[in-house]
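Encoded as structure tokens, the structure appears first; notes follow it.
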Amino acid sequence: YNVYPKEIEIIINDLSQINESAVIGVPHPDFGEAVIAVIVMDDNVVVEGIDESNLIDTLKQKLAAYKVPKRIFQIEELPINVMGKVQKNILRDQYQTIFVKN
């Protein structure tokens with residue numbers, strides 16, 4: 001299936017308290033590639049104990065199952081280049097091993 005990150009990012013960004021997001025694909029041993037989201041909360045504040053499962057459940061109501069991120073990570077700010085574009089390659093490098101089985 002084709003997953004268009006922008007479609008998912010728009011839905012995530014519309015959720016309350018989320019300032020911005022980036023959706024990327026990372027290697028997954030069972031699916032080949034899995035969708036994950038990296039979010040920045042309003043006011044760039046990292047909320048301790050953000051409920052990832054609640055966010056995923058909310059997205060399940062708005063997206064087809066294959067488009068729902070398998071994981072959601074919260075960071076203080078997304079890496080951007082001088083043009084203001086999110087550097088998704090940096091995020092992919094950072095999260096590429098999260099589904100690697102030990």
Side-chain angles (χ1 to χ4, degrees):
Y1 296 107
N2 286 330
V3 176
Y4 297 96
K6 190 65 177 173
E7 174 189 2
I8 302 167
E9 291 166 357
I10 289 169
I11 292 171
I12 292 172
N13 293 347
D14 283 343
L15 297 175
S16 65
Q17 298 182 337
I18 296 178
N19 186 35
E20 61 182 336
S21 65
V23 172
I24 57 173
V26 295
H28 191 283
D30 299 325
F31 304 118
E33 196 168 59
V35 175
I36 68 164
V38 182
I39 62 171
V40 175
M41 301 300 285
D42 284 342
D43 300 322
N44 298 329
V45 175
V46 174
V47 177
E48 291 297 324
I50 188 166
D51 196 339
E52 178 183 15
S53 63
N54 279 348
L55 285 172
I56 290 172
D57 288 343
T58 299
L59 293 174
K60 284 180 181 178
Q61 297 172 17
K62 300 173 183 278
L63 292 166
Y66 70 93
K67 295 179 182 181
V68 175
K70 302 284 185 237
R71 295 288 313 272
I72 299 175
F73 298 93
Q74 181 186 0
I75 59 177
E76 289 184 28
E77 62 183 3
L78 295 173
I80 58 171
N81 64 18
V82 294
M83 300 292 290
K85 186 173 179 180
V86 176
Q87 294 180 300
K88 291 186 177 184
N89 59 321
I90 292 173
L91 294 173
R92 274 189 218 94
D93 290 345
Q94 184 176 353
Y95 294 102
Q96 71 179 342
T97 60
I98 61 168
F99 293 112
V100 174
K101 295 180 181 178
N102 295 333

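Source: prediction; values computed, not measured.
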From V40, I10, I39, V38, residue fulfilling side-chain contact (heavy atoms from CB on, under 4.5 Å) relative to S21: I39
Rounded to the nearest 0.5 Å, how far does [atom2] of [Y] lie from [atom1] of [X]?
{"X": "I75", "Y": "E77", "atom1": "CD1", "atom2": "CD", "value": "8.0 Å"}
{"X": "E33", "Y": "I24", "atom1": "CD", "atom2": "CD1", "value": "9.0 Å"}
{"X": "I12", "Y": "T58", "atom1": "CD1", "atom2": "OG1", "value": "11.0 Å"}
{"X": "Q94", "Y": "L91", "atom1": "CD", "atom2": "CG", "value": "6.5 Å"}
{"X": "L59", "Y": "I11", "atom1": "CG", "atom2": "CD1", "value": "7.5 Å"}
{"X": "I36", "Y": "I98", "atom1": "CD1", "atom2": "CD1", "value": "4.5 Å"}

Main-chain N/O of M41 paired to Q17 side chain as donor or acceptor, under 3.5 Å: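 No, because the side chain of Q17 does not come within donor-acceptor range (under 3.5 Å) of the backbone of M41.
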Close side-chain approach of R71 to Y95, heavy-atom, < 4.5 Å: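 Counting from C-beta outward, R71 and Y95 never come under 4.5 Å.
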Student check: side-chain heavy atoms of P27 and F99 closer than 4.5 Å: no
Steps toward side-chain contact (heavy atoms from CB on, under 4.5 Å) verdict (L55, I18): CA-CA 11 Å; L55 285 172; I18 296 178; 4.1 Å; yes
I56 reachable from L15 in the ILVMFWY side-chain graph, under 4.5 Å edges: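 Cluster IDs for L15 and I56 match.
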V68 reachable from Y66 in the ILVMFWY side-chain graph, under 4.5 Å edges: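 Yes, same cluster.
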Please output the side-chain donor-acceptor pairs of residues 1-8 that fall under 3.5 Å, not counting sequence neighbours, one pair per line with the distance.
residue	atom	partner	partner atom	Å
E7	OE1	K67	NZ	3.0
E7	OE2	K67	NZ	2.9

Closest heavy-atom pair and its distance - E52, K70: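 Distance-wise, the nearest heavy atoms are OE2-O, 4.3 Å.
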